[in-house]
Novice: 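Mind looking over this structure? Questions follow.
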Amino acid sequence: MRDAQAFYRRSISDPDGFWGEQAQLIDWHVPPKQVLAQSNPPFRRWFVGGETNLCHNAVDRHLAERGEQPALIYLSTETGEERYYTFTELHREVNRCAAVLRSLGVDKGERVVIYMPMIAEAVISMLACARLGAVHSVVFGGFAAHNLALRIDDAKPCLLICADAGMRGGRAVPYKHLVDDAIAQAKCPPAHVLIVDRGLDPEMQWRHGRDVDYRDLREQFSDAQVPITWLESNEPSYILYTSGTTGKPKGIQRDVGGYAVALAASMKHIYNAQPGETMFTTSDIGWVVGHSYIVYGPLIHGMASIVYEGLPIRPDPGVWWKIVQDHQVSTMFSSPTAIRVLKKQDPAWLKKYDLSSLRYLFLAGEPLDEPTSRWITDGLGVPVLDHYWQTETGWAMLTLLPGIEHQPVKFGSPGFPAYGFNIKVVNELTGQECGAGEKGVLTVVPPLPPGCLSTVWGDDERYVNSYFGQFEHELLYFSSDWALRDADGYYFILGRSDDVINTAGHRLGTREIEEALQAHPALAEVAVVGVHDEVKGQVPVGFCVVKDPALIASAAGRAELEQSCIAKVTELLGPVAKPHRLHFVVALPKTRSGKLLRRSIQALAEGRETGDLSTLDDPNALEEIRRAVAQ
Ligand code: ATP
Ligand code: MG
């Protein structure tokens, strides 16, 4: 076993040596001339002069050694379809798709918007773009037409790829219909729309001259070979928007070489996974977790990756674990939200299947509360590792490194800074570094390591101002998340720096109150927001989802539960943190990526308009909040 701390220290003190070595994990057409260039901070370039390609590293590179091994496993519990691609088959499909794209004018540097459900063609078209050196912008399927139009105008694509429809909970969700609406609103519409027609939407309209059928063209190019377009390491690979939890989503621009190296390294050191094994990431290709760990990471590492279309509880709450058993999954990656959904179900589902292939469950995306963490750890009997990251970073910033050294899990903590991230917790106003146990904002001393954003697409100024503009005296990457480091060096994320309640002169993080409420056995999920109060400035108000709705069937039951939940907060945090009110609801409004939309809840709780709802998942959940507040 190696020493994780020494590994980390070297990455900070000798980035050239460290990353120069990691760069050998991928194939280079032309090796880099310089590992790191920083002539214009906070911009930085990794592996300058090196030429490589994401598709080559994810697909072509493996043909010789593992051509017959599974690469992509597509499973849909919505349509019942299952498809398997070996690396050789995936290579053939990607070549066909790349030839189709090329025939529609896609070339190096051109943008392609991908608006697709979780089907194999979504991954294949991302890889085909990469092969051609084109820049993909995957827009999460199910976003409203207006949001799609904004992203179209931001990217100015020559092509948009979509499906006729997706399926969710047994119902077809039209995609193409929405694309027509979006294109009608867009100022820079694409010349062509390429449609993967699944036969799910009999009412789909074809626009003559603009819309093309993927199946027809794929036939035409069925034997095509499309050479790799080699890119300089710092050329753009893709655009991807943040979740929009705190405001207008930012179009993150990623590079090629740095990203490939960062992912290859993470598969080894963080996920401790072996080529030839299978990874199951339950996210969506529309999010960063999907880009990094459904598509590029596992494939670059020579693993099979599962693309799953379906919900975690259909046909029953054991469906994920059946997938783990049937496909011998070794590494699984999901989100706390999804685990909290499962936590409302019978825990016997966790024991029904043979999970002996599974080595780790990784979670990220939002705070992992301790009760949920314990519940899933006990239920699965494998290590459950929380790790913390952002769309901007592309891979984990705080994590344990099981691939380097076994480090014990501390419940509630995502671990230590990942190699390459020189993390500093600072006072959000002065920028002074905090001591152990002291709460501040998590920042990163530049340079950001490989894999992190190069800039905001088309807006260098926004990159500099929104991420590095917080302090006058020092350039620091500002994460906007509260954090602290304990005496043992473990880090804790304490919520977002804009989620603070200022009550009677005390500053309370919403996360702390949520954690306290979550310790109450009757509650499945909670959101706490600060609501304006004439006397105290702000008071905490909680919205809670109960595990058993019978508990709140009567007014007396609700009042009793409210009292016992408030008592729990008083017990754990003291009377200052006591929620002013608790409302009981059946669902909480979240972004499509599963994050609580606190700013919308807060707006409703204060009787204001909700603002930008472009990334809201379930409008009914918002209505629930409205109803609860009105009562
Ligand atoms: P926007 O930046 O548009 O407001 P967003 O920050 O929600 O949206 P993402 O990049 O998808 O968009 O999410 C990153 C954020 O998710 C982090 O900044 C942090 O707040 C939260 N997060 C991610 N992983 C964890 C984790 N393991 N523990 C706690 N919080 C996490
Ligand atoms: Mg963010």
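Each ligand, and each atom within it, is numbered from 1 in the order the structure gives.
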Novice: So is P414 touching ligand 1 or not, going by heavy atoms under 4.0 Å?
Specialist: no

Novice: Within 45° of the six-membered ring axis of F411 and under 6.0 Å from that ring's centre, is NZ or CZ of R374 located there?
Specialist: yes

Novice: Check each heavy atom of H387 against ligand 1 and say whether those closer than 4.0 Å belong to the side chain, the backbone, both or neither.
Specialist: backbone

Novice: Looking only at distance, does A364 have an N or O less than 3.5 Å from an N or O of ligand 1?
Specialist: no

Novice: Below 4.0 Å, non-hydrogen atoms only: which portion of I493 touches ligand 1? Side chain, backbone, both or neither.
Specialist: side chain

Novice: Is it the case that ligand 1 has an N or O less than 3.5 angstrom from some N or O of Q390?
Specialist: yes

Novice: Hey, is Y241 touching ligand 1 through its side chain, its backbone, both or neither, going by heavy atoms under 4.0 Å?
Specialist: neither

Novice: Counting heavy atoms only, which of S497, S335, P367 is nearest atom 30 (N) of ligand 1?
Specialist: P367

Novice: Identify whether NZ of Lys or CZ of Arg in R151 sits under 6.0 Å from the centre of the six-membered ring of Y241 and within 45° of that ring's axis.
Specialist: yes

Novice: Cation-pi between R592 and F140: NZ/CZ under 6.0 Å from ring centre and within 45° of the ring axis?
Specialist: no

Novice: Just so I know, are the side chains of L355 and V382 near enough to count as touching, which here means a heavy-atom distance under 4.5 Å?
Specialist: no

Novice: Would you call the rings of Y467 and Y477 parallel, tilted or perpendicular if under 30° counts as parallel and over 60° as perpendicular?
Specialist: parallel

Novice: Taking 4.0 Å as the limit for heavy-atom contacts, which would you say applies to E366 with ligand 1: side chain only, backbone only, both, or neither?
Specialist: backbone

Novice: Tell me whether R511 has any N or O atom under 3.5 angstrom from an N or O of ligand 1.
Specialist: no

Novice: So, T242 versus T391: side-chain donor-acceptor pair below 3.5 Å or not?
Specialist: no

Novice: If we check side chain to side chain donor-acceptor pair (under 3.5 Å) with Y259, which of these qualifies: W46, Y238, W395?
Specialist: Y238

